[in-house]
Amino acid sequence: MPELPEVEVSRLGVSPHLINNTIANVIVRERRMRWPIPEEVSLVVGHKVNNVTRRAKYLLIETAVGSLVIHLGMSGKLRVIDASTPLIKHDHVDIVLNTGQCLRLNDPRRFGAVLFQAPDTQLGLLDNLGPEPLTEAFDESRLYTLSRDRKSPVKSFIMDNAVVVGVGNIYANEALFLSGIDPRRQAGRIGAERYKRLTHNIKQVLAKAIAQGGTTLKDFAQTDGKPGYFAQHLNVYGRKGEDCEVCSNPIQSKVIGQRNTFFCIHCQR
DNA sequence: CGTATGCCCTGCCAGC
DNA sequence: TGCTGGCAGGGCATAC
């Protein structure tokens, strides 16, 4: 389900319900996620949520005694509901608040994660992440500099979390289309000017998607239950065989790095 | 170090 | 209608 825009939309949706409220309970019904949910998540019970932040696609629910770190994987969904709301299938975790509401995690595939991070420490998972794409740390020279010896396809390169975080399959395809770059091209064989444009387009497409409430393909919902509206702006993702909006040639697809990839062979070089 | 592959899971859809 | 195969928005672990 989520790429960075969808995670950010989730963060924006849930944080007003959490911040400055106290966690009354953490209920784990299914511990078998990407990693087993550690017992330590209960340490936050009785403590106030100071902030809800995001690093890459990880959400951090911060308290004075540590943070809950949540990743939504492919199919995770968060909603804020009354704590007495009946359970549905795959409702694995509740973070119950003293307001009577709870943050409920539903994740059919269980590729997601709920972890605990002690104060003033950082989980190893967060150690080797590249810069946030929407900050100045992701500057216009970074892609060019890092790619010089890379032979892998540029699409795999921009989806590498050590290069820049948060660029998932949808937005990698879209940013490359907007930049006129063939996703199959070797990363090391693209020049500085084209990478500058690509950097700009990655930022643009992610920011626009956040503003539109994310992309709903099948089942992504904002925390208020509404779908995201970015899907109508997709130029190539999921459009195999359809006409390119720019040149009317059919959109092609090919698997790159185990992920389906969509592009216009005429517009992207 | 960079690169390629397997795998963790369930749900859904197309095709038979 | 029911079965099967393939595919899905992620990313870690492993092997080379």
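The figures here come from the full heavy-atom set of this structure, side chains too, leaving out hydrogens, waters and symmetry mates. Letters A, B, ... mirror the listed sequences (proteins, then strands); counts begin at 1.
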Q.
At less than 4.0 Å, is any side-chain N or O atom of A/R110 found next to OP1 or OP2 of B/dT10? Yes or no.
A. yes
Q.
Rounding to an integer number of angstrom, what distance separates B/dC9 and C/dT14 when you compare their P atoms?
A. 15 Å
Q | Atom C1', compared across B/dT3 and C/dG9: separation rounded to whole Å | A | 23 Å
Q: Just call it for A/D107: base, sugar-phosphate, or nothing, with non-hydrogen atoms closer than 4.0 Å on any strand.
A: nothing
**Q.** Under-4.0 Å side-chain N/O to phosphate OP1/OP2 contact, A/N260 with C/dC7
**A.** no
(Q) Quick one: does any side-chain atom of A/D91 pair with a main-chain N or O of A/I88 as donor and acceptor, under 3.5 Å? (A) yes
Q. Under 4.0 Å between a Lys/Arg side-chain N and an Asp/Glu carboxylate O for A/K208 and A/E174?
A. no
(Q) Please report the distance, rounded to the nearest Å, between NZ in A/K77 and P in C/dA8. (A) 17 Å
Q: Measure the acute angle between the ring planes of A/F230 and A/Y171, then classify it against the limits of 30° and 60° as parallel, tilted or perpendicular.
A: tilted
Q) Is the distance from OP1 or OP2 of C/dG9 to the nearest side-chain N or O of A/Y171 less than 4.0 Å? A) no
Q. For C/dG9, does OP1 or OP2 lie under 4.0 Å from any side-chain N or O of A/R259?
A. yes
Q: Using a cut-off of strictly less than 4.0 Å, decide whether A/H71 has a side-chain nitrogen or oxygen near OP1 or OP2 of C/dG11.
A: yes
Q.
Could you tell me how far apart A/E8 (CD) and C/dG9 (C1') are, to the nearest whole angstrom?
A. 17 Å
Q: Send over the distance from A/R109 CZ to B/dC7 P, rounded to a whole Å.
A: 15 Å
Q.
B/dT3, OP1 or OP2 - any side-chain N/O from A/R150 closer than 4.0 Å?
A. yes
(Q) Quick check on B/dG11: is either OP1 or OP2 less than 4.0 Å from any side-chain nitrogen or oxygen of A/H90? (A) yes
(Q) Can you give me the dot-bracket string for DNA chain C, 5' to 3', counting Watson-Crick and G-U wobble pairs with both distances under 3.5 Å, using [ ] for crossing pairs and | for partners on another strand? (A) .|||||||.|||||||
Q) Is the side chain of A/R259 donor-acceptor paired with the backbone N or O of A/V255 at a distance under 3.5 Å, no angle test? A) no
Q: For A/M159 and C/dA8, give me the distance from atom CE to atom P, rounded to whole Å.
A: 11 Å
**Q.** Nearest-Å distance for atom pair CG/C1', residues A/L206 and C/dG9
**A.** 13 Å
Q.
So is the aromatic ring of A/F111 stacked onto the base of B/dC9, judging by whether the centres are under 5.5 Å apart and the planes are under 30° apart?
A. no
Q. Mapping A/S152 and A/R32 onto DNA chain B by nearest heavy atom, which one lands closer to the 5' end?
A. A/S152
Q) Does the pair A/E6/A/K77 count as a salt bridge with the N-to-O cut at 4.0 Å? A) no
**Q.** Atom pair distance, as rounded to whole Å: CD in A/Q258 and P in C/dG11
**A.** 15 Å
Q.
So if I take every side-chain heavy atom of A/K151 and compare against C/dA13, B/dT3, C/dG10, which nucleotide ends up nearest?
A. B/dT3
Q: Examine distances only and state if a side-chain atom of A/N98 and a backbone atom of A/N21 form a donor-acceptor pair shorter than 3.5 Å.
A: no
Q: May I ask you to say whether A/D182 pairs ionically with A/K254, meaning some side-chain N is under 4.0 Å from a carboxylate O?
A: no
Q: Report yes or no: does A/R194 contribute a side-chain atom to a donor-acceptor pair with the main-chain N or O of A/L198 at less than 3.5 Å?
A: no
Q | Out of C/dC12, B/dT10, C/dG10, whichever nucleotide has its closest atom nearest the side chain of A/K57 | A | C/dG10
Q. Which part of the nucleic acid does A/Y58 contact within heavy-atom distance under 4.0 Å: base, sugar-phosphate only, or nothing?
A. sugar-phosphate
Q: Could you identify which residues cluster with A/L123, counting Ile, Leu, Val, Met, Phe, Trp and Tyr as linked when any side-chain heavy atoms lie under 4.5 Å apart, either directly or through a chain of such contacts?
A: A/W35, A/Y58, A/L60, A/V69, A/L115, A/L125, A/L126, A/L129, A/V165
Q. Within this structure, what is the CE-to-P distance between A/M33 and B/dT10, rounded to whole angstrom?
A. 12 Å
Q) Quick one: which of C/dC12, C/dG10, C/dG9 gets closest to the side chain of A/E6? A) C/dG9
Q) Roughly how many Å is it from CZ in A/R148 to P in B/dG2, rounded to a whole number? A) 14 Å
